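Only one structure is covered here, and it is reproduced in the block below.
These numbers were taken from a predicted model, which means no experiment stands behind them.
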Amino acid sequence: MYRPNGFGLFDMLGNVSEFVEDCQHNSYEGAPADGSPWIAACAKDMKIRRGGSWTEAVTAQWRGHTGPDNGSSFDGFRVALAGAPATVPASALQFEAELEKARSAERKLRAAAVR
């Protein structure tokens, strides 16, 4: 029910968490304000995971931590296309149009329910 991200992907939350470059800190005090990785003055030798999966809180701000060599703390899946197709099939374009129509109808229902 939302717009795609900058890569044209929808609904990325909830299917897999992923490592980010930041290391563990006890609070956000002193965090970089420009979005750059926070890799100095780490509280512990822990890597940060963001994004959540079906076993965690599924919000953009969710974060967890794990040891840098502990790949077993991940769950979820991500489907990816190895290369972009040369052309978009008509069926995909029709699906996108119908999906946008359904999203629009859902937004109107939600707006009406708020009133």
Side-chain angles (χ1 to χ4, degrees):
M1 293 300 160
Y2 304 98
R3 294 181 181 196
N5 66 17
F7 300 104
L9 301 173
F10 293 88
D11 303 323
M12 290 303 295
L13 289 177
N15 58 2
V16 69
S17 56
E18 57 189 304
F19 277 121
V20 295
E21 196 170 349
D22 299 355
C23 59
Q24 177 68 32
H25 293 85
N26 294 328
S27 73
Y28 284 104
E29 190 173 319
D34 62 358
S36 61
W38 194 8
I39 54 176
C42 303
K44 299 178 184 177
D45 184 25
M46 301 291 256
K47 297 295 288 179
I48 300 298
R49 298 181 299 135
R50 289 203 180 271
S53 68
W54 59 80
T55 64
E56 299 146 348
V58 183
T59 62
Q61 63 270 24
W62 181 88
R63 75 177 191 163
H65 63 273
T66 188
D69 298 323
N70 182 7
S72 67
S73 65
F74 282 83
D75 47 28
F77 62 92
R78 175 151 304 148
V79 177
L81 182 62
T87 60
V88 178
S91 60
L93 296 174
Q94 181 181 356
F95 171 79
E96 290 290 333
E98 291 173 7
L99 183 60
E100 183 53 40
K101 185 177 176 182
R103 285 188 178 127
S104 179
E106 180 67 21
R107 285 191 291 270
K108 288 177 184 175
L109 285 173
R110 290 181 184 190
V114 172
R115 294 180 194 159

Nearest heavy-atom contact between Ala43 and His25 is CB-CA, 4.1 Å
Inter-residue atom distance Ser104.OG - Leu99.CG, 0.5 Å rounding: 11.0 Å
All heavy atoms of Gln24 vs all of Ile48, minimum pair found to be OE1-CD1, 3.3 Å
Closest non-hydrogen atom pair between Pro37 and Pro32, with its separation: O-CG, 4.0 Å
Side chain proximity check, Arg107 to Arg110, heavy atoms < 4.5 angstrom: no
